[in-house]
Amino acid sequence: MRYILNNLQLTTLAILALAFCCRSSQRLLVTMKNQRESIEGIDAATFTAVRRPFVNRDGQSWAGRHEIVRTDTMQTMGMCGKNYNLIQHVDVIDSALTAFDRCSINRDDVEQHIQTFDGGAEMHARFTFKNGKQKKQVKVGESLGFRLEFENSLNGRKRVTARGGSIDLVCSNGMVAMSNVTTAFSRKHNGAWSITDYVDTFKALFDQFGKEVESIKQLDKIEFSQVAGQNFIGHLIKDYLKTTAQDSRTLVGYFTDPDSAIHERHRGRGLHGTVEAKTRTAWHVYSAATALLRDRESAGRFDDAQNKRASLANLFGSIASDRSKVDPLLIPHRDFDMAELIK
């Protein structure tokens, strides 16, 4: 009887533990949509982490389980198996910089932004190129700079990734690539990459950047009425961005008054349309949406901004390659009422 009771007790505890974990996971998912704890600057990524066998507070080990620990604070970053390949944040950054040297890129021409999250468990490194051949013109007065982004984690949430993107220099809106390109970072790995892998990845993503600019030029040729553009915004709000009422009003404001979303020195030139204009382009809609995501990221809503950028890139990439795909978005969304939103 005692043996049965113990089993029942263990089963109950297991169910309670599972419920707690599910609830914790739910809270984590909600958190990813909101502001996360983060630290900016290269110093936040220079600590060393080690992998060691997991031992609980009672001194008992768990066969096959290891933990990743910061050596400066002894904080546990995450749990892993014995075959987990630990890659230091600083190694990812240093390898990227060395690859720039190999590509004859002056480091002084690269704007570096390093950010770590959750006590250093995750790292995001962004390198922005605004000069030389890494700068391309969409149209007269408007240029895009190239962005190269790396991510790494010590908690198992993300593996090392590399992706290309761009930044609109008139408004600082960031965009991720509209199409995927296979690099060394796209494949499964059992160890760190060589500098050659970094160099080849950089070249592949930069070649892709040239194609991205051509796609954006195509978006700028897709014209429709101001009203149809508002309908397009309604579809973005309801089906792609799923914004709050306040964010929705901000997005509508950026679309209605495009100058409000760009740097002051570039205003008054109609680069993203004007208040008085009767027509808009798909590029104008894309710019308004990425301006909203720029604001979200500045407010610390990093994961949400990154996820929505990818969603927008897929949508506008398909429109750039097939003009007919924009047509369903130019009719009113059945669940969106512009008048109700802005009253």
Side-chain angles (χ1 to χ4, degrees), residues 26-27 29-36 165-168 170-176 178 216 219-220 222-264 266-267 270-320 325-343:
Q26 184 180 21
R27 285 200 300 270
L29 291 173
V30 172
T31 301
M32 294 309 158
K33 297 181 180 179
N34 301 313
Q35 186 170 354
R36 296 176 66 193
S166 57
I167 177 173
D168 190 340
V170 305
C171 55
S172 297
N173 293 356
M175 294 163 280
V176 296
M178 296 182 191
I216 290 175
L219 292 177
D220 202 40
I222 300 175
E223 292 189 349
F224 34 77
S225 70
Q226 173 86 262
V227 173
Q230 291 177 347
N231 293 336
F232 196 164
I233 292 292
H235 283 275
L236 293 185
I237 288 173
K238 301 302 293 187
D239 297 332
Y240 294 90
L241 299 176
K242 302 185 185 301
T243 53
T244 63
Q246 181 57 52
D247 280 353
S248 297
R249 283 189 284 270
T250 298
L251 175 56
V252 171
Y254 284 158
F255 176 75
T256 305
D257 180 11
D259 273 359
S260 65
I262 67 178
H263 297 311
E264 188 172 355
H266 295 296
R267 295 175 183 173
L271 294 175
H272 291 171
T274 64
V275 175
E276 300 81 11
K278 296 182 180 180
T279 60
R280 285 284 192 272
T281 71
W283 171 232
H284 296 156
V285 176
Y286 194 24
S287 296
T290 53
L292 176 66
L293 298 184
R294 172 201 64 198
D295 295 348
R296 284 187 177 185
E297 189 170 273
S298 297
R301 297 159 67 183
F302 184 83
D303 288 278
D304 185 43
Q306 288 289 86
N307 292 336
K308 296 300 170 56
R309 278 199 186 103
S311 177
L312 290 179
N314 291 333
L315 172 64
F316 284 90
S318 67
I319 292 172
K325 290 188 176 181
V326 77
D327 294 336
L329 304 173
L330 301 181
I331 60 176
H333 192 289
R334 63 183 181 183
D335 297 325
F336 179 74
D337 187 340
M338 179 69 75
E340 179 69 21
L341 176 67
I342 63 178
K343 71 177 182 179

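The chain is numbered in sequence order, starting from 1.
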Exercise. What pair of heavy atoms forms the shortest contact from N173 to R294, and how long is it?
Worked result: OD1-NH1, 3.1 Å
For this session: Starting at CG of L241, measure out to OG of S311 and round the result to the nearest 0.5 Å.
Result: 7.0 Å
Exercise. Does the ring center of F336 lie less than 6.0 Å from the ring center of Y240?
Worked result: no
Exercise. If you take all heavy atoms of C171 and A261, which pair is closest and at what distance?
Worked result: CB-O, 3.4 Å
Exercise. Just by modelled atom types, is the W283 backbone N or O under 3.5 Å from a matching donor or acceptor in the D220 side chain?
Worked result: no
For this session: Under the ring-ring contact (aromatic ring centres under 6.0 Å, His included) rule, collect the residues that match up with Y254, sequence neighbours excluded.
Result: none
Problem set entry | Nearest heavy atoms of L330 and A228, plus distance in Å | CD2-O, 3.7 Å
Exercise. Is there side-chain contact between T243 and T250, with heavy atoms separated by less than 4.5 Å?
Worked result: no
Seminar exercise, completed: Sorted by chain and residue number, the side-chain contact (heavy atoms from CB on, under 4.5 Å) partners of Q230 (sequence neighbours excluded) come out as Q226, F255, M338
Seminar exercise, completed: Separation between NE2 (H263) and CG (L271), nearest 0.5 Å, reads 12.0 Å
For this session: Considering non-hydrogen atoms only, spot the tightest contact between S260 and G253 and give its length.
Result: OG-O, 3.8 Å
Problem set entry | Nearest atoms (heavy-atom pairs only) where S287 meets T290 | O-OG1, 3.1 Å
Problem set entry | Gap between atom CG of N231 and atom OG of S225 - 0.5 Å precision | 7.5 Å
Exercise. From L292 CG over to E297 CD, what is the distance, rounded to the nearest 0.5 angstrom?
Worked result: 12.0 Å
For this session: Would you mind reporting whether R280 and P258 have side-chain heavy atoms less than 4.5 Å apart?
Result: yes
Exercise. Applying the side-chain contact (heavy atoms from CB on, under 4.5 Å) test to H272, which of T281, D259, D168 qualifies?
Worked result: D168
Problem set entry | Side-chain heavy atoms of L329 within contact of V285, under 4.5 Å | no
Seminar exercise, completed: Output for pair (L251 CG, Q246 CD), nearest 0.5 Å, gives 11.5 Å
Exercise. How long is the span from the CG atom in N307 to the CZ atom in F302, to the nearest 0.5 Å?
Worked result: 9.5 Å
Problem set entry | Minimum heavy-atom distance V176-R309, with the two atoms named | CG2-O, 3.5 Å
Problem set entry | Residue pairs passing the salt bridge (charged side-chain N to carboxylate O under 4.0 Å, His left out) test where at least one lies in residues 227-247, sequence neighbours excluded | D247-R296, D247-R301
For this session: Might you work through the side chain to side chain contact (heavy atoms under 4.5 Å, CB included) test for M178 and I216, ending with a clear yes or no?
Result: CA-CA 10 Å; M178 296 182 191; I216 290 175; 3.8 Å; yes
